[in-house]
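If you're wondering where the values come from, they're calculated on a predicted model, not measured in any experiment.
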Amino acid sequence: MQLTINHFFPKKLNLYADRGNIITLQKRCEWRGITSKVVEVHTIEDANVAEADILIIGGGSDREQSLVTDELTKIQSELKAAIEDGVSCLAICGGYQFLGDYYQLPDGNKLPGLQLFDFYTISKPGRLTGNILLNSGKFGKVVGFENHGGRTYHSYRPLGEVVKGQGNNGEDGKEGIHYKNLVGTYLHGPLLPKNPQIADCLISNALERKYGNVKLFRLDDHLESIAKNRIWEREANRQ
Ligand code: GLN
């Protein structure tokens, strides 16, 4: 079995070691004998969304975001079709903001989004920064780190409810989006090594879509569990 991962703009959208998400997907495939091929999309011509099993868009600063906005727009319809068809997709921070209608910069200018979802993001004074804890209906406890000026507003199913931290906008107690097999989130840090259950969900959905019903065998995640529980207790009890 083989999975192809399209990693969008790995040099520009790689804040806080988001590349760790790719390494996690590759290792968790390798440990199960699944081959993974990573296609680094440096210019939009490198992308082959129709053949991709997993799409990854990382986070970037406002500057980097404005540099790749026009490029991503060129494949808007392919991305929309892939997401609707259930391709596994992970979009982090700036990558998550791209999915909506627009991102309003601190100077008031709007960067157009891909308009794949009916939501918007507005940058407001004061960054939402720090460790974050979520309770997710699908994934249980999720831990991470957030640092964003943008506030995102929507009424889709979130990735989780905020237990500690700020989430989508610091107001409504929601974090991220979970739509079909797409996860969009502000959690950097990176997300997948700390939350391997999300990595496995992206992998198993991708395999199922490609090969039919495939059962992933469990990996020994006891160290990951200890680390997560430790972070959870420390942050939940921090004043
Ligand atoms: N431009 C975004 C913000 O500050 C992106 C930040 C990020 O990807 N960490 O809201």
Side-chain angles (χ1 to χ4, degrees), residues 13-32 54 56-60 88-97 121 124 126-154 156-179 181-205 216-239:
L13 303 179
N14 180 32
L15 267 185
Y16 312 115
D18 278 342
R19 203 172 69 85
N21 290 324
I22 299 284
I23 298 168
T24 302
L25 288 171
Q26 287 192 284
K27 290 312 268 184
R28 294 184 77 83
C29 282
E30 182 192 319
W31 291 330
R32 295 174 165 116
I54 303 180
I56 306 279
I57 311 178
S88 291
C89 179
L90 177 65
I92 307 282
C93 202
Y96 166 37
Q97 295 172 348
T121 301
K124 295 184 184 174
R127 298 192 69 78
L128 307 181
T129 306
N131 292 322
I132 174 164
L133 309 177
L134 311 180
N135 259 328
S136 164
K138 169 82 179 167
F139 299 110
K141 286 180 178 170
V142 175
V143 301
F145 168 76
E146 60 181 332
N147 183 359
H148 49 112
R151 275 72 165 168
T152 300
Y153 298 89
H154 66 70
Y156 294 92
R157 175 173 54 155
L159 171 62
E161 309 288 328
V162 178
V163 174
K164 192 82 184 255
Q166 305 295 333
N168 281 339
N169 48 50
E171 296 162 32
D172 65 14
K174 313 276 185 214
E175 205 296 315
I177 183 171
H178 187 195
Y179 174 83
N181 295 328
L182 171 139
V183 171
T185 177
Y186 276 111
L187 273 60
H188 286 281
L191 175 76
L192 299 183
K194 293 178 181 172
N195 302 283
Q197 74 279 28
I198 301 179
D200 281 359
C201 181
L202 295 170
I203 294 169
S204 66
N205 287 335
L216 279 191
F217 65 81
R218 288 175 73 92
L219 297 172
D220 175 3
D221 286 329
H222 82 278
L223 288 178
E224 286 84 348
S225 298
I226 293 169
K228 182 189 287 195
N229 289 337
R230 171 86 186 90
I231 293 169
W232 189 279
E233 274 160 38
R234 187 189 66 202
E235 295 303 322
N237 295 320
R238 198 189 286 264
Q239 295 307 311

How many angstroms lie between CG in Leu216 and CH2 in Trp31, if you round to the nearest 0.5 Å? 13.5 Å
Give a yes-or-no answer on whether the side chains of Gln97 and Thr152 include a donor-acceptor pair shorter than 3.5 Å. no
If you compare all heavy atoms of Ile203 against all heavy atoms of Cys29, which two are closest, and at what distance to 0.1 Å? CD1-SG, 3.9 Å
Distance from Asn205 atom CG to Cys201 atom SG, nearest 0.5 Å? 4.5 Å
Ala199 versus Leu192, closest heavy-atom pair with distance: N-CD2, 3.6 Å
side-chain hydrogen bond (donor to acceptor under 3.5 Å, both in side chains) against Asp220, all qualifying residues, sequence neighbours excluded: His222
I need the minimum non-hydrogen distance between Val163 and Leu134, along with the two atoms involved. CG2-C, 4.1 Å
State whether the side chain of Ser136 and the backbone N or O of Leu159 hold a donor-acceptor pair below 3.5 Å, judged by distance alone. yes
Please check: side-chain N/O of Glu146 versus main-chain N/O of Gly167, any donor-acceptor pairing under 3.5 Å? yes
Spacing of Leu191 atom CG and Leu90 atom CG [to the nearest 0.5 Å]: 6.0 Å
How far apart are the closest heavy atoms of Val142 and Asn195, and which atoms are they? CA-OD1, 3.2 Å
Scanning both residues in full, the closest heavy-atom pair of Val143 with Leu133 reads CG1-CD2, 3.7 Å
So the salt bridge (Lys or Arg N to Asp or Glu O under 4.0 Å) pairs with at least one residue in residues 15-27 (sequence neighbours excluded) are Lys27-Glu30
Under the criterion side-chain contact (heavy atoms from CB on, under 4.5 Å), I'd like the reasoning laid out for Tyr96 against Thr121: C-alpha separation, chi angles, the key distance, then a yes or no. CA-CA 10 Å; Tyr96 166 37; Thr121 301; over 6 Å; no
List for me each residue that meets salt bridge (Lys or Arg N to Asp or Glu O under 4.0 Å) alongside Arg157, sequence neighbours excluded, and say none if there are none. none
Of Asn14, Ile92, Leu202, which meets side-chain contact (heavy atoms from CB on, under 4.5 Å) against Asn21? Ile92
Across all chains, not counting sequence neighbours, the side-chain hydrogen bond (donor to acceptor under 3.5 Å, both in side chains) partners of Arg127 are Asn147
Return the set of residues passing side chain to side chain contact (heavy atoms under 4.5 Å, CB included) with Asn131 (not counting sequence neighbours), or none when no residue passes. Phe145, Arg234, Glu235
Which residues pass the salt bridge (Lys or Arg N to Asp or Glu O under 4.0 Å) test with Lys138, sequence neighbours left out? none
The test is side-chain contact (heavy atoms from CB on, under 4.5 Å); show your working for Ile177 and Leu182 and say whether it passes. CA-CA 8 Å; Ile177 183 171; Leu182 171 139; 3.9 Å; yes
Residues in side chain to side chain contact (heavy atoms under 4.5 Å, CB included) with Ala227, at least two apart? none
Quick one: do Lys174 and Glu161 satisfy side-chain contact (heavy atoms from CB on, under 4.5 Å)? Show the steps, please. CA-CA 5 Å; Lys174 313 276 185 214; Glu161 309 288 328; 3.3 Å; yes
Glu171: partners by salt bridge (Lys or Arg N to Asp or Glu O under 4.0 Å), with sequence neighbours left out: Lys124
Given the rule in the side-chain contact (heavy atoms from CB on, under 4.5 Å) test, do Gln166 and Ile132 qualify, once you have shown the distances and angles that lead to the verdict? CA-CA 7 Å; Gln166 305 295 333; Ile132 174 164; 5.7 Å; no
Using the test salt bridge (Lys or Arg N to Asp or Glu O under 4.0 Å), find all partners of Lys194 that sit at least two apart in sequence or belong to another chain. none
Using the side chain to side chain contact (heavy atoms under 4.5 Å, CB included) criterion, which residues pair with Asp221? Sequence neighbours excluded. Arg28, Pro196, Leu219, Glu224
Not counting sequence neighbours, which residues clear side-chain hydrogen bond (donor to acceptor under 3.5 Å, both in side chains) with Asp172? List them please. Asn169
Does any N or O in the side chain of Lys228 come within less than 3.5 Å of the main-chain N or O of Lys141, such that one atom is a donor and the other an acceptor? yes
Minimum heavy-atom distance between Gly95 and Ile57, given as atom pair plus value: CA-CG2, 3.6 Å
In chain order, what residues pass the side chain to side chain contact (heavy atoms under 4.5 Å, CB included) check against Cys93, with sequence neighbours excluded? His148, Tyr186, His188
